[in-house]
Amino acid sequence: PALRIKAGEAVRDYDWWPKMDAHADTATCLFASACKAQPVHVWDAISGKIKASYCGRNALDEPVDFNVVCFASGAEKIFAGRNNEIRTWDVTRPGYSGDLLWRGGKGGVSFGGSFGGSFGNKNGSSFGNKNAYSSVASTENTFFKGLVTALQSAPLTSTAASSSQVLAAGCAGGIINLFHAQTGEQTVSFTGHADAITRLKWSPCGTFLYSAARRDDRILCWDTRSLGGGAVFTMKRNSSATNQKIGFDVEPSGRHLVSGGTDGVLRAFDLRNGCEAAAWFGAKDAVSDWAFHPHASWGDGSECRNGGNPNAGRAVSVSGARRFRSGADDVARDDEFLHLPNRDDKKMTRGGSVGASFASPDAKTRSAGRRAEQPTCALRVWEYDAVVMEVDAE
């Protein structure tokens, strides 16, 4: 790797600086991390040094750590969530200068925190509608409480000047709430997942929100303008048998979403209708995340070939899973999860296969078979030709 940073404890979450531009100014290469038993740190991605730290205290005046972190889309604030609490800081004022944005009360009642830590706004109270696949106004929603497991700030858009003031948050109970990023007021609640929310992503226009949960093979699409409707559509992947976070990403143009899965297959979905547009084999182990290049476009690949946008069809995936093994494990159990499936290591679609997009394992690797070492965690850079993939899928 180009840089290795020792965080000191388990890294729970991280988020890149929204205005990062490594080509124009390396000083913008920053990211924030939320680690166990540590405050929120902002790191220099070039030197690996801490640039700033953002701290919080509990009711006993003890330092606390956070479970998730994200920057506001305008890069002016940092949000961090923990058990029954969301805090926010001005990025120019590190230390204990943060304010309480939201705190969960007893029985799930949510107190929207005005800055300074007051709890006078109870408009975010939740009152029991547990219908699946539903979204309701904050006066009727189910209880948003417990551990905050996902945060995502709405994108900056020219058509919706106030969109950057919306913060989406998911909790361990599978509830998603939209908060006003300045007042902490809860506006809309979405219910459709049964377990902890693991990933939230906005569409580039700031209208739709995509969510995934632990032990759930569905990615749900929500229309944030709707106060009473359900999920717009559902996208299926293979992730219902694991507690591992399986990530996904939305194409910068907003046309496609790509997700990994425990079966090692990457799936691309058309966000106009939620249908699977393409699928291809990504790794022998679980593909835990996927990210588009910030300038990527799901085009026909001609831009890249003709010297236009060299990143037009480029993205990256991460594969691998943590294995807990002991000497007491019998050979049969080892063989069960170490056996490499006999599948075609080529890009796959529903209608067949197209050209391989990375080097296939050689015969020696295949012959190792059952007695191979545990699967290797890997980061792969992909170049794809979306038109070929979509036509093949049809």
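None of the values given here were measured: they were computed from a predicted structure.
To the nearest 0.5 Å, the span separating CD on Glu9 from CD on Gln38 amounts to 7.0 Å. Atom SG of Cys70 sits about 6.0 Å away from atom CG of Asp15, to the nearest 0.5 Å. A distance of 11.5 Å separates CG of Asn83 from CG of Asn58, quoted to the nearest 0.5 Å. Atom CZ of Phe71 sits about 11.5 Å away from atom NZ of Lys19, to the nearest 0.5 Å. With rounding to the nearest 0.5 angstrom, the CG atom of Asp285 is 9.5 Å from the OG1 atom of Thr262. With rounding to the nearest 0.5 Å, the separation of NE2 in His41 from CD1 in Ile5 is 11.0 Å.
Side-chain atoms of Thr88 and Asp99 include no donor-acceptor pair closer than 3.5 Å. Thr242 and Arg215 form no side-chain donor-acceptor contact under 3.5 Å, judged by distance and modelled atom types alone. Side-chain contact, Thr187 with His180: no donor N or O sits under 3.5 Å from an acceptor N or O.
With a 4.5 Å cut-off on side-chain heavy atoms, Phe233 and Cys221 count as touching. Counting only heavy atoms from C-beta outward, the side chains of Ile219 and Thr234 never approach each other to under 4.5 Å. You'll find the side chain of Leu167 reaches within 4.5 Å of the side chain of Leu151, heavy atoms only. Two residues are said to be in side-chain contact when any heavy atoms from C-beta on lie closer than 4.5 Å; Cys171 and Val148 fail this criterion. Side chains of Tyr210 and Arg199 form no contact here, defined as non-hydrogen atoms less than 4.5 Å apart. A 4.5 Å side-chain heavy-atom check between Arg272 and Arg255 finds at least one atom pair inside the cut-off. Contact of the Leu101 side chain with the Arg87 side chain is not registered, since no non-hydrogen atoms from C-beta on lie closer than 4.5 Å. Counting only heavy atoms from C-beta outward, the side chains of His295 and Pro252 never approach each other to under 4.5 Å.
When the side chains of ILVMFWY residues are joined at heavy-atom separations under 4.5 Å, either directly or via intervening members, Met20 and Phe79 end up in two distinct hydrophobic clusters. Cluster membership for Val287 and Val258, using ILVMFWY side-chain heavy atoms within less than 4.5 angstrom, is shared. No path of Ile, Leu, Val, Met, Phe, Trp and Tyr side chains, each step under 4.5 Å between heavy atoms, connects Leu257 with Leu266, placing them in separate hydrophobic clusters. Under the 4.5 Å side-chain heavy-atom criterion for Ile, Leu, Val, Met, Phe, Trp and Tyr, Phe248 and Leu271 are members of the same hydrophobic cluster. By the criterion of side-chain heavy atoms lying less than 4.5 angstrom apart, applied directly or through intervening Ile, Leu, Val, Met, Phe, Trp or Tyr residues, Trp222 is grouped together with Leu178 in one hydrophobic cluster.
Between Phe31 and Trp16, the two ring planes are tilted [angle within 30° to 60°]. Note on ring orientation: taking the six-membered ring where Trp is involved, the planes of Trp89 and Phe66 are perpendicular (angle over 60°, cut-offs 30° and 60°). Classification of the Phe292-Trp290 ring pair by plane angle, with boundaries at 30° and 60°, yields perpendicular.
Taking both residues in full, the closest heavy atoms of Ser73 and Ser153 are given as N-OG, 3.2 Å, listed atom of the first, atom of the second, then distance. Between Val232 and Phe208, the closest heavy-atom pair is CG2-CE2, 4.3 Å. Across all their heavy atoms, Val40 and Ala32 have their closest contact at CG1-CB, 4.4 Å. Residues Ile246 and Arg237 share a closest heavy-atom pair of O-NH1, 2.7 Å. Scanning both residues, Ala268 and Trp280, for their nearest heavy atoms gives CB-CZ3, 4.2 Å. Considering all non-hydrogen atoms of both residues, Leu209 and Ala168 come closest at CD2-CB, 3.9 Å.
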- Message: Evaluate Asn238 against Val265 for side-chain contact (heavy atoms from CB on, under 4.5 Å), listing each step before the verdict.
- Response: CA-CA 8 Å; Asn238 194 324; Val265 175; over 6 Å; no
- Item | Chi angles and distances behind the side-chain contact (heavy atoms from CB on, under 4.5 Å) call for Trp102, Phe144 | CA-CA 11 Å; Trp102 169 84; Phe144 181 91; 3.5 Å; yes
- Task: Please assess Trp382 against Ser317 for the test side-chain contact (heavy atoms from CB on, under 4.5 Å), listing each intermediate value before the final yes or no.
- Result: CA-CA 8 Å; Trp382 298 84; Ser317 69; 2.8 Å; yes
- Task: Report the C-alpha distance between Glu85 and Leu100 in whole Å, list the side-chain angles of each, state the deciding distance to 0.1 Å, and finish with yes or no for side-chain contact (heavy atoms from CB on, under 4.5 Å).
- Result: CA-CA 8 Å; Glu85 189 174 288; Leu100 186 65; 3.3 Å; yes
- Message: Applying side chain to side chain donor-acceptor pair (under 3.5 Å) to His256 and Glu251, what does each step give before you reach the verdict?
- Response: CA-CA 5 Å; His256 295 87; Glu251 183 186 8; 3.1 Å; yes
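Between the side chain of Gln244 and the main chain of Ala286, no donor-acceptor pair closer than 3.5 Å is present. Asp44 places no side-chain N or O within 3.5 Å of a backbone atom of Lys49 that could act as its donor or acceptor partner. At least one donor-acceptor pair closer than 3.5 Å links the side chain of Asp13 to the backbone N or O of Val69. Proximity of a side-chain donor or acceptor of Thr224 to a complementary backbone N or O of Thr207 within less than 3.5 Å is detected. When atom types are taken as modelled, the side chain of Arg267 and the backbone of Glu276 share no donor-acceptor pair closer than 3.5 angstrom. Side-chain atoms of Thr149 come within 3.5 Å of backbone N or O of Ile197 as a donor-acceptor pair. Side chain of Asn84 to backbone of Gly146: a donor-acceptor contact under 3.5 angstrom is found.
Atom NZ of Lys245 has more than 12 heavy atoms from other residues, nucleotides or ligands within 6.0 Å.
Among residues two or more places apart in sequence or in another chain, the salt bridge (charged side-chain N to carboxylate O under 4.0 Å, His left out) test is passed with Asp217 by none. For Asp65, the salt bridge (charged side-chain N to carboxylate O under 4.0 Å, His left out) criterion is met by Arg12, not counting sequence neighbours. With sequence neighbours excluded, no residue forms a salt bridge (charged side-chain N to carboxylate O under 4.0 Å, His left out) with Arg214. Partners of Asp249 by salt bridge (charged side-chain N to carboxylate O under 4.0 Å, His left out), not counting sequence neighbours, listed by chain and number: Lys201. With sequence neighbours excluded, the residues satisfying side chain to side chain contact (heavy atoms under 4.5 Å, CB included) with Asp61 are Arg57.
Sorted by first and then second residue, the pairs that involve residues 25-36 and meet side chain to side chain donor-acceptor pair (under 3.5 Å), not counting sequence neighbours, are Ser33-Trp43.
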